[in-house]
Amino acid sequence: MKPIHFASDAIGLGRFQRYLDRHSPHPGDFLILLEPTGSYGLTALLYLLGKGYRVLQVDNRAVKDYREKIFGSETKTDDTDARLMARMGFLHELVGEEFSIQPVLLMNSDASALRGMVHDLAKLQKEITRRRNQLQQLAAVTFPELKTFFKGSTAAPAARALLEHFASPQHLAAAPTEHVADVLRSAHAYSHAARAAELQAMARTTSGVPTLTHHQWRQGWLIKQLELLENARQDLVDQVAHATATHPYARIIESLPVKSPIWTATLIGAIGDIGRFTTASQFKAYLGWYPQLSRSGSSTDSSELAKRGVRPARNVLGQMTVIMLSSTIRSNPFRDVYQRLTTRGMRPAAALGHVAGKLSVVLYGMLKTMTPYDERKHREQLGLLTAAEQPSSTPVEVALELVDLVDQQTDLAEEPTNTDDLRRVL
């Protein structure tokens, strides 16, 4: 067949529809394969799903690997990839080879927009983290003693307020002590303000490199960038919370033992309509918390966390699990299950994955029946509840800063970290 090209607008989609209709007017006669193309391919994707066509998505890497096997190092072209995906679809249907092919489920436009905002939020957070790291690196060169005064971070609001008013240790040492204390108090660092004289003594004897004018300018620029990015993030967080406030799934998701507006929005955007999923196993696989066999040659070695699934939603379930396992959060059935599994000898990382998978199954049942989380009922089903126990039903609101911390220091989309690492994070 000769490949055709069309734009993803009304005229282009009309041309494509006429091309399909020449072969058959029945959507059920077709199998359509697409690569994940991001936002610019969303129009065509929603059009096809809305018309009832069966659409499968092929991993970009699978297409790349197949192209190299057939054509070697031949340059990628749209026509070549179209033919390759057509062949992959043929083999998928008639031979059974999968090539990392997954069905695409129809998602409503509101959920798609929410998913886009959550994606923007993740990109913003990465940029904020990058700027914070740059500011901390700069402070480590010019005023290394600052990190002993601000134990948490030299890019925290109080430290930034100090660096904004006093561009160098020399400026800080020469300023009146009360002025330094006022700057710290204005940033709500009251305990640090009481130690202003100690900070100035550090500045007088610092081993840092003397700052040049352009170093001071860059430091001020980074501080302004951080303020701008954090304000933008807060605006986006507020908009996301507003968008999910009236969503019917919000009260269900937020009835779990821990909650955050970011988690709620991410899950709503990823799930779309729970009716798309017919079984808990399908839902669990979609969210990425299910085991797969790891093979070496012809023998089966072990099971491991599958690499598929919607990455943002998988991260959220992992983060929720990590925080529920922390001793700083009230006792909950998920932590009890984790302790039961580790007591039996299961590896902590494997137990964490098991609990995250159980969380996805519980969430599926809640959304299917539109029933908020019932901790007492859950404990009874797990055989954890005694007559004297009265479990709390009030979810713990997790601060945005803690969500950021767990997101920065644990990559739960790949492989759960061990218990000691998670404990240090929390």
Side-chain angles (χ1 to χ4, degrees), residues 36 38 59 102 105 107 111-112 114-130 233 236-237 240-241 243-244 249-250 253-254 256-272 277 283-292 304-326 329 334-335 338 348-364 367 395-419 421-426:
D59 288 349
Q102 298 179 3
L105 303 173
M107 182 181 294
S112 298
L114 189 60
R115 192 168 177 175
M117 286 195 290
V118 170
H119 181 65
D120 291 339
L121 191 60
K123 291 169 68 176
L124 257 180
Q125 183 53 49
K126 284 185 178 179
E127 190 62 27
I128 289 171
T129 301
R130 182 184 173 199
R233 181 184 65 170
L236 191 53
V237 169
V240 164
T244 58
Y249 291 171
I253 295 171
E254 293 183 349
L256 287 164
V258 292
K259 65 178 182 177
S260 164
I262 304 305
W263 292 342
T264 302
T266 303
L267 290 173
I268 290 174
I271 294 168
F277 307 96
F283 182 75
K284 184 178 177 181
Y286 177 76
L287 297 183
W289 284 98
Y290 68 101
Q292 68 178 11
E304 63 180 7
L305 182 66
K307 304 298 182 185
R308 298 181 183 178
V310 180
R311 189 184 183 94
R314 177 151 80 167
N315 277 341
V316 163
L317 287 182
Q319 291 166 13
M320 292 176 73
T321 303
V322 167
I323 292 180
M324 284 193 293
L325 299 185
S326 169
I329 303 297
F334 297 98
R335 189 162 77 217
Y338 174 82
L352 187 147
H354 183 90
V355 173
K358 187 175 288 294
L359 174 60
S360 66
V361 173
V362 170
L363 180 60
Y364 174 79
L367 293 176
V396 176
E397 179 79 34
V398 178
L400 182 60
E401 291 76 13
L402 181 56
V403 175
D404 291 346
L405 182 63
V406 177
D407 183 48
Q408 292 168 31
Q409 300 197 25
T410 57
D411 187 4
L412 295 167
E414 296 298 332
E415 180 69 21
T417 48
N418 63 61
T419 308
D421 287 341
L422 301 180
R423 188 177 294 115
R424 278 194 293 272
V425 169
L426 296 174

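Note that these values count all heavy atoms, side chains included, but never hydrogens, waters or copies made by symmetry.
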inquiry  = Could you measure the distance from the CD1 atom of I253 to the CH2 atom of W263? Nearest 0.5 Å is fine.
reply    = 12.5 Å

key: Separation of R130 CZ from K126 NZ (nearest 0.5 Å)   = 12.0 Å

inquiry  = Give me the atom names and distance for the closest heavy-atom approach of A313 to T266.
reply    = N-CG2, 4.0 Å

request  = Enter the distance from Q319:CD to I262:CD1 here, rounded to the nearest 0.5 Å.
outcome  = 10.5 Å

task = Search all heavy atoms of L352 against all heavy atoms of L325 and return the closest pair with its distance.
result = CD1-CD1, 4.0 Å

ask   = Between atom NZ of K284 and atom CG of L359, what is the distance when rounded to the nearest 0.5 Å?
value = 11.0 Å

task = Supply the atom-to-atom distance I329 CD1 to R335 CZ, rounded to the nearest 0.5 angstrom.
result = 8.0 Å

query = Parallel, tilted or perpendicular for F283 and F277, by the 30°/60° rule?
reply = perpendicular

remark   = In short, L363 meets I271 closest at the heavy-atom pair CD2-CD1, 4.4 Å

query = Do the side chain of R233 and the main chain of L121 share a donor and acceptor less than 3.5 angstrom apart?
reply = no

key: Residues in ring pair (Phe, Tyr, Trp, His ring centres under 6.0 Å) contact with Y249, at least two apart in sequence or another chain   = H247

ask   = Which atom pair, heavy atoms only, marks the closest approach of L287 to R314?
value = O-CB, 3.2 Å

key: Nearest heavy-atom neighbours spanning A270 and Y286   = O-OH, 2.7 Å

key: Residues in side-chain contact (heavy atoms from CB on, under 4.5 Å) contact with A265, at least two apart in sequence or another chain   = L114, V118, V240, T244

query = Out of curiosity, T264 OG1 to K259 NZ, how far, rounded to the nearest 0.5 Å?
reply = 8.0 Å

task = Specify the closest pair of heavy atoms between P261 and E254, including all atoms of both residues, with the distance to one decimal.
result = CA-OE2, 4.4 Å

